[in-house]
Visitor: 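Handing you a structure now.
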Amino acid sequence: MTLASQIKHAAEDAFKRLYPDIHIDCTMITVNQTKPEFKGDYTIVLFPFLKLLKQKPDAIGKQLGDFLLDKTDLFSAYEIVSGFLNLTIRDTCWGAFILNHFTDTRFGDKCKADCRVMVEYSSPNTNKPLHFGHLRNIFLGAAMAEILKANGKQVVKANLINDRGIHICKSMVAWERYGTGDTPERIGVKGDHLVGDYYVKFNDVYKQEIAKLAADGMDEKTAEKEASIMKEAQNMLRKWEAGDTDVKSLWQMMNSWVYKGFDVTYKKLGVSFDKVYYESDTYLLGKKIVEDGVRKGVLYKKEDGSVWVDLKDEGHDEKLLLRGDGTSVYMTQDLGTAKLKYDEFKLNQSVYVIADEQNYHMNVLKIVLKKLGEPCAHGIYHLSYGMVELPSGRMKSREGNVVDADDMVEEMINLAKEQTEQAGKTEGFSKDELVKLYETIGLGALKFYLLRVDPKKKMIFDPKESIDLHGFTATFIQYAHARICSILRKENVPLVPDATKFQSFTQSAPLLPLETKIILALEEYPLILADAGAEFNPSSICNYAFQLAQMFNTFYDAHSISKAESEEKKQLRLMIIIMTASILRHSMHLMGIRMPEKM
RNA sequence: GGUCCGGUAGCUCAGCUGGAUAGAGCACCAGCCUUCUAAGCUGGGGGUCAUUGGUUCGAAUCCAAUCCGGGUCACCA
């Protein structure tokens, strides 16, 4: 139990004893950290009790403070300032805390529970390479998977690849027309990029054809339908659905190029999946569910054979679930995949990391599954995130105005190299170590940049401004960590010492404010971790880790660790920095960010 | 138009389950390296928390309305 909630319970208990006739429960008690300008560590707000107890704040505070001081061994002092009861935690409590936990590398982790959660993320289309927007999705999903694991869930990381449909047919048609037999190997272009280039090519040609038809007097709407390259693409889709062997083998070949490309990118990013679904495998499954729904009378068929669901009770319109020709739409396959996931893994929860432009779709998905009585419905959680935009607006792959993921990663690593060299910090590293270090710093900065913001907020990225390596960044946190490691190296103390280390430590000298401040922050970590899991929000961990690193830097500047005033202080500070480093590593590991021991 | 989300310092963002004088980073200004890594630290300037009204002992936070920006409402995915 965290200290804050211990205090809450102690206060609840105190009220019970002091005012047996009046009911005050935990939910009415607010415990905050005391503002730095006042003396104390935690604060109980007294205002809510004035009416109930019919007393002045000072009187309540005094009784409560006296009781807590007297009947518990948590506090050494209290002070009442205009309606706030500021409590000071005993130094011996802090001392005991740090001694008990400083070797615990899994501080904050919860025990494994019997709760299975799937996190689906990345989920790319196979007609183009990954761009900056996908990176936000991927890092969010990967981070959430780790955060949920730390919170005791059994996590399945899933990727649902949208490998079929008109989009890939567009690339296929363009490649057939203009590709002249190019392959990734032959021209030395990464497979996903090559296929993406033809997707852009398709749209260029398409636009030209429309313009030409329009110039010949056709109206624009008709021209969009009549353009020959679009007709070819649609024709190819029909052939694909009919199982045409030539089309299928072309499709397989081009998709395999893309997968190879994706694998390279995923590997570089340091992300992986436990389960990969392909829509070409799952798109038929939804049909059965829909047909069952019609039989049950939950869904209805129109004269043309199309199937619909009525959502007017939920404040929406009616929604198509199956086309008149019996082919499935986006929603159909999602219904099937949701059920498949649930049946395959007996999931308690299924998290979808999908941009907020699909809020409506995800909402409807859940409602329809509920209507159909599918048990998978209630575990669905849409982790909706805002899209990454350029200053010029949204990224559109078909217009080619995207910040490519591979390019971005490379740029970040180069930036890390540049700045490391500029700072003259390359000494004492081998060539291989430097390569690894630049990757650690560059990728770390990129991940942190995308994870430090509340997921639901959209973000604008200006490619002209490079991502910073100063201030609120992964680099800052890595640097604090490296500094700690450096101290420990000099002191010949391992990063994670044996638990018997400092057994002889006794807390007798009063703690300095900065010592208390860091220990208090360390103690808070499990709460932050639990919150991030409950709220599906990795950014709170980024904020926390940054603040902790900042506290360490301030401490480092103000007090010496190696040359502490006494052996006791030295031991205390070593324990503090060992645990600080450990939590920084733990928290950044959740974000998929590596922590160097030297930089 | 219906609906959902956002609007906090010049810029990027915390804070939003109501609590003390609204916080960081970047940028700007002034300091700090014979002492554990200056990718750092200290200090400074900079705010009508979009607007108005309401609830409350107390509102950036909750409620309502308005303004601004965006998403979405397809036999696209």
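We name chains A, B, ... by the order of the sequence lines, and we start the count at 1 in each one.
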Visitor: Answer syn or anti for C33(B), where the cut-off is 90° from 0 on the glycosidic torsion.
Guide: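 Syn for C33(B); the angle stays within 90° of 0.
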Visitor: Please confirm whether Phe102(A) and Phe502(A) have ring centers closer than 6.0 angstrom.
Guide: yes
Visitor: Considering only atom P, compute the distance from C5(B) to G10(B) and round it to an integer number of Å.
Guide: 28 Å
Visitor: Mind pulling the stems RNA chain B is in, i.e. runs of at least three Watson-Crick or G-U pairs, everything under 3.5 Å?
Guide: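 Detected stem regions: B:1-7 with B:67-73, B:10-13 with B:23-26, B:28-32 with B:40-44, B:50-54 with B:62-66.
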Visitor: Could you tell me if Thr34(A) and Asp41(A) have a donor-acceptor pair between their side chains, going purely by distance under 3.5 Å?
Guide: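 Looking only at side-chain atoms, Thr34(A) and Asp41(A) do not form any donor-acceptor pair under 3.5 Å.
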Visitor: Contact class for Asp317(A) (heavy atom, under 4.0 Å): base, sugar-phosphate, or nothing?
Guide: nothing
Visitor: Within the structure shown, what part of the strands sits under 4.0 Å from Tyr479(A) by heavy-atom distance: base, sugar-phosphate, or nothing?
Guide: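 Tyr479(A): base contact, heavy atoms under 4.0 Å.
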Visitor: Hey, can you tell me if Phe84(A) and Phe47(A) have their rings parallel, tilted or perpendicular (30° and 60° cut-offs)?
Guide: perpendicular
Visitor: For residues Phe448(A) and Phe472(A), establish whether the separation of their ring centroids is below 6.0 Å.
Guide: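 When the ring centroids of Phe448(A) and Phe472(A) are compared, they turn out to be within the sub-6.0 Å range.
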Visitor: For RNA chain B, which nucleotides open and close the run of contacts to chain A, 5' to 3', at under 4.0 angstrom from a non-hydrogen atom?
Guide: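 Extent of the interface on RNA chain B: G6(B) to A77(B).
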Visitor: Parallel, tilted or perpendicular for Phe132(A) and Phe461(A), by the 30°/60° rule?
Guide: tilted
Visitor: Please measure how far the C1' atom in G18(B) lies from the corresponding atom in G58(B), and state the result in whole Å.
Guide: 8 Å
Visitor: Name the orientation class of the two ring planes belonging to Tyr360(A) and His316(A) (parallel below 30°, tilted from 30 to 60°, perpendicular beyond 60°).
Guide: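 Because their plane-to-plane angle is over 60°, the rings of Tyr360(A) and His316(A) count as perpendicular.
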Visitor: I'd like to know if the side chain of Asp163(A) pairs up with that of Ser280(A) as donor and acceptor (distance under 3.5 Å, no hydrogens or angles considered).
Guide: yes
Visitor: Answer yes if the side chains of Gln358(A) and Tyr352(A) hold a donor-acceptor pair under 3.5 Å, and no otherwise.
Guide: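 The criterion, which ignores hydrogens and geometry beyond distance, is not satisfied for Tyr352(A) and Gln358(A).
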Visitor: Could you give the distance separating U3(B) and G45(B) at their C1' atoms, to the nearest angstrom?
Guide: 44 Å
Visitor: For nucleotides A64(B) and G6(B), find the distance between their P atoms and express it as a whole number of Å.
Guide: 14 Å
Visitor: Please work out if Lys425(A) contacts a base, only the sugar-phosphate, or nothing of the nucleic acid, heavy-atom cut-off 4.0 Å.
Guide: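 Base: the residue Lys425(A), judged by heavy atoms under 4.0 Å, touches a nucleobase.
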Visitor: When you compare G43(B) with G7(B), how far apart are their P atoms, in angstrom units rounded to a whole number?
Guide: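 Pairwise P distance, G43(B) against G7(B), rounds to 29 Å.
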Visitor: By the definition salt bridge (charged side-chain N to carboxylate O under 4.0 Å, His left out), identify the one residue from Glu568(A), Glu567(A), Glu491(A), Glu565(A) that meets it with Arg573(A).
Guide: Glu565(A)
Visitor: Is Asp334(A) touching bases, backbone alone, or none of the nucleic acid, heavy atoms closer than 4.0 Å?
Guide: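 The residue Asp334(A) makes no contact with any strand.
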Visitor: Looking only at atom C1', what distance separates C68(B) and A50(B), rounded to whole Å?
Guide: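 Per the computed distance, 7 Å lies between those C1' atoms.
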Visitor: What interatomic distance, in whole Å, is found between C1' of C49(B) and the corresponding atom of A59(B)?
Guide: 11 Å
Visitor: Between C62(B) and A14(B), how far is it from one P atom to the other, in whole Å?
Guide: 15 Å
Visitor: With sugar-phosphate meaning primed atoms plus P, OP1 and OP2, does Leu50(A) contact a base, only sugar-phosphate, or nothing at under 4.0 Å between heavy atoms?
Guide: nothing
Visitor: Is Ser486(A) touching bases, backbone alone, or none of the nucleic acid, heavy atoms closer than 4.0 Å?
Guide: base
Visitor: Heavy atoms only, 4.0 Å cut-off, all strands: where does Arg394(A) land among base, sugar-phosphate and nothing?
Guide: sugar-phosphate
